[in-house]
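FYI, the numbering just counts along the sequence from 1.
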Amino acid sequence: MDINVWTPALQEIMITVGNKINAFWEARLENFKKPKPDASVDVRKEFIERKYKYRMFCKSSLSAFSGQEELDNELCRVASRADCLYQVMTLLFSGARFRETNPEVGMSALEIARHANIPSIMEIFHLNKDSDFTTQRPPPRYIPGNTAEAPSIPVHTRRDTDEDRKSGYLFKTGVGRKEFQRRYCRLENGTFSYSVDEKSPYVKNTIEGIDIQIIGESQPRPGNEHCFEMGVVSGRSYLFSAESAEEKQEWMYIIAKFLTPQVMWSYLSNFDLVGHLHKKEGSTSTDWRRLTFLLKGKKLSFFSAEKDCMEDLDLRKLTNSYVDNVGPDERQTMTEQTICLCFPDKSRLYLRSENKEHSDRWHTAIQNTLFDCGTSLENQPLTKENVPVIVNECIRFVEKNALKTEGVYRLAGVKSKVNQILQNLYHNAREVRLTLDEDYIVHDVTSALKQYFRELDDPLLTSDLYNQWVKNSASQDNASKIRKYAELVKELPEVNRNTLKELIIHLNDVSDNKQENKMETKNLAAVFGPTLMSGKNSVGGFGAANYEISVIGDLMLNYAAIFEVTQEEQNKLDAKRIFLARLSENQLLPPPPVKNDMHVTLYIGPKSENENIDVQISESMTTSELIQTLIDTNKINMPPSQVSVFEVICNGELERVFNPHEKILAEILSWDDGMRSDNYICIKSNYLEKKIEKVRSRTICNATDFTMLGAIHYSP
């Protein structure tokens with residue numbers, strides 16, 4: 001006997017059900033009809049065919065329901081429960097259709113079992129994928145000695161509509177993926193197949209729809225621009241190319257329908273990747289759910305059976321994505337690689353595929369969403385407040401370094417350096433840390449922010465609303481003007497609205513320091529009016545600049561009413577401004593004396609990722625000593641040179657890296673009582689290491705020792 005067929009799921013079926021299922025198959029069998037121990041082979045064969053092939057002795061469950069539809073619905077109801085394996089088998093053998101979509105939940109019994117991750121039920125469906133129990137043909141008349149085969153039961157067919165079938169020529173690579181060959185492909189009856197040409201009677205390969213695990217876009221090849229890949233359960237991927245983009249999308253759409261519940265079909269236009277993944281939330285959870293995921297642009301979507309709706313993960317807010325190895329206990333049943341996605345204010349999300357090849361494919365596709373986001377505001381990486389990271393990084397830089405710089409935002413930077421800053425930010429904004437050093441000056445960064453807004457595909461205040469902004473700026477009724485401005489702000493897309501609010505608040509912070517920087521409201525409005533309203537397309541045309549300046553000036557002077565700033569928001573803004581003023585004037589109070597050791601909560605990475613540890617910090621403990629203690633106690637697993645301790649304040653708005661010899665506890669006790677709850681200490685990778693290496697390699701190439709003196713304060 002071939003033991004390879006005994007999958008873990010099949011073993012579970014035998015252990016759970018075993019011969020109990022005979023109670024179904026022989027429910028109406030009279031003892032005298034059973035073969036005798038000495039019966040001939042022909043008699044035994046006839047009995048087996050009558051029992052299983054023609055179901056003469058079973059008690060069908062169909063009689064307990066009003067019809068086929070109710071029988072199908074009952075199968076859907078129990079398909080998500082592992083303890084209902086026996087009921088699933090009796091319903092299936094009674095004619096229930098496991099591929100029929102239940103209109104109430106938008107999924108078939110097969111899809112429900114997949115989403116609930118019930119291997120035993122999925123195995124039963126897989127073993128009976130070519131069977132049709134919806135019809136029962138009468139057995140042939142038994143003639144002793146006649147060993148002719150009885151008529152075969154019709155092969156199960158998926159009840160395709162014309163929209164579920166497709167045929168035509170595609171180009172396919174061989175195993176080595178060196179050359180594309182023209183093949184005639186068919187998708188029908190739940191099966192994808194291809195042959196040499198349309199007239200060939202021989203099929204080169206057949207792929208069951210139930211075995212397809214992933215399908216998605218693929219990079220163009222020389223001479224074959226419209227490529228897509230299809231992966232199966234074994235981990236093998238098939239690379240195809242269509243003659244046009246339209247033809248490729250049609251093939252991808254119809255194949256993806258086999259992977260997705262019906263409720264997801266409306267999402268399938270121009271998708272990037274679709275497939276099955278196991279998902280869990282949080283590092284300590286063991287609750288893995290098998291779901292169908294769809295990647296489309298910057299959005300990762302899946303159907304939640306618990307919530308009975310689609311859920312979307314906004315990858316623009318993805319702070320990090322990496323592949324993590326699982327423990328030895330998990331390697332026995334799952335792929336060795338787990339994709340970890342980190343989002344602001346959420347626990348980490350873990351994803352796995354059935355094999356390493358598909359995990360790699362998913363991770364690469366998700367990682368690609370982080371880079372080269374272009375000049376569309378909708379495609380930018382975002383902060384948790386839905387503000388582009390590029391804008392946030394530039395604003396934070398100005399707050400820390402340039403609020404009192406004369407001519408800030410008015411004076412221009414060096415063009416080459418401005419372009420380099422933008423190029424770095426466009427490629428991967430989350431990895432860029434703007435610092436005031438020999439590479440950049442204040443005006444390089446402020447010019448980069450202005451140029452960023454000018455280069456947007458559509459101005460921040462949008463072309464569609466331009467005429468209304470301008471018309472309202474000329475109104476003489478101030479109260480009416482403010483109400484209309486508030487209405488226009490609400491009409492902006494969410495990212496535009498939040499970005500505009502963040503920028504206007506920032507410009508007011510700049511204006512508050514007008515005595516030093518010489519940039520009052522009218523000066524800043526003159527700079528940002530055309531930048532935010534006309535952009536690169538000069539929407540307003542000649543002579544419109546005065547109206548554009550007026551709009552930005554009005555928004556700055558009346559921002560609290562226009563943006564409906566709450567008292568809580570205003571309190572935070574006031575506290576932040578006080579702190580920035582103290583920081584700018586070097587008036588931070590010295591830390592109070594420390595008397596005792598303290599237990600302190602440290603975060604591994606950003607606080608939003610909810611990974612923390614409690615440590616005892618003494619009065620004399622330095623940063624380097626803390627890191628070594630964490631390594632020695634296996635709290636972190638990184639070399640000391642690659643990790644640093646950061647002080648994060650103002651609810652994540654500002655951060656700085658501790659000097660290795662700095663005493664941590666004294667700094668913690670110096671925090672202002674009113675802002676203490678918004679501050680924390682975190683341990684994370686030292687992003688300053690690359691910059692230090694850059695300085696070392698450039699200035700002391702021949703040196704064997706390198707020492708950096710002093711502290712780096714409030715590096716973004």
Applying side chain to side chain contact (heavy atoms under 4.5 Å, CB included) to N102 and not counting sequence neighbours gives N73, C76, E104, V105
Under a plain distance cut-off of 3.5 Å, with no hydrogens placed, do S353 and W362 share a side-chain donor-acceptor pair?
no
Is the terminal nitrogen or CZ of K279 (NZ for Lys, CZ for Arg) located under 6.0 angstrom from the six-membered ring centre of W288 and within 45° of that ring's axis?
no
Salt-bridge present (K248, E243; N to O < 4.0 Å)
no
Is a salt bridge present between R97 and D72, judged by a nitrogen-to-oxygen distance below 4.0 Å?
yes
Is it true that E229 and R361 have a side-chain N and a carboxylate O under 4.0 angstrom from each other?
yes
Tell me whether the rings of F98 and F125 are parallel (<30°), tilted (30 to 60°) or perpendicular (>60°).
parallel
Could you check F302, Y267, F271 and say which one makes a ring pair (Phe, Tyr, Trp, His ring centres under 6.0 Å) with F293?
F302
Are a donor atom and an acceptor atom from the side chains of S218 and R221 found within less than 3.5 Å of each other?
yes
For the side chain to side chain contact (heavy atoms under 4.5 Å, CB included) test, which of L382, L370, L295 pairs with L315?
L295
Checking N128, I121, I21 against M89 for side chain to side chain contact (heavy atoms under 4.5 Å, CB included), the one that qualifies is I21
If you count the non-hydrogen atoms of other residues, nucleotides and ligands that lie under 6.0 Å from CD in E225, is the total more than 12?
no
Under 6.0 Å between ring centres, would you say that holds for F228 and W251?
no
Under a 3.5 Å cutoff, is there a donor and acceptor pairing between the side chains of Q249 and E217?
yes
For the side chain of R183 and the backbone of S193, is there at least one donor-acceptor N/O pair under 3.5 Å apart?
no
Establish, from distance only, whether the side-chain atoms of S167 and R186 form a donor-acceptor pair under 3.5 Å.
no
Taking atom types as modelled, find out whether K172 and S241 have a side-chain donor-acceptor pair closer than 3.5 angstrom.
no
No-hydrogen, no-angle side-chain donor-acceptor test under 3.5 Å, Y169 and D197
no
Could you tell me whether the side chains of Y253 and S269 share a donor-acceptor contact shorter than 3.5 Å?
no
Side chain to side chain contact (heavy atoms under 4.5 Å, CB included) test vs F303 passes for just one of Q262, E311, E111, M264, namely M264
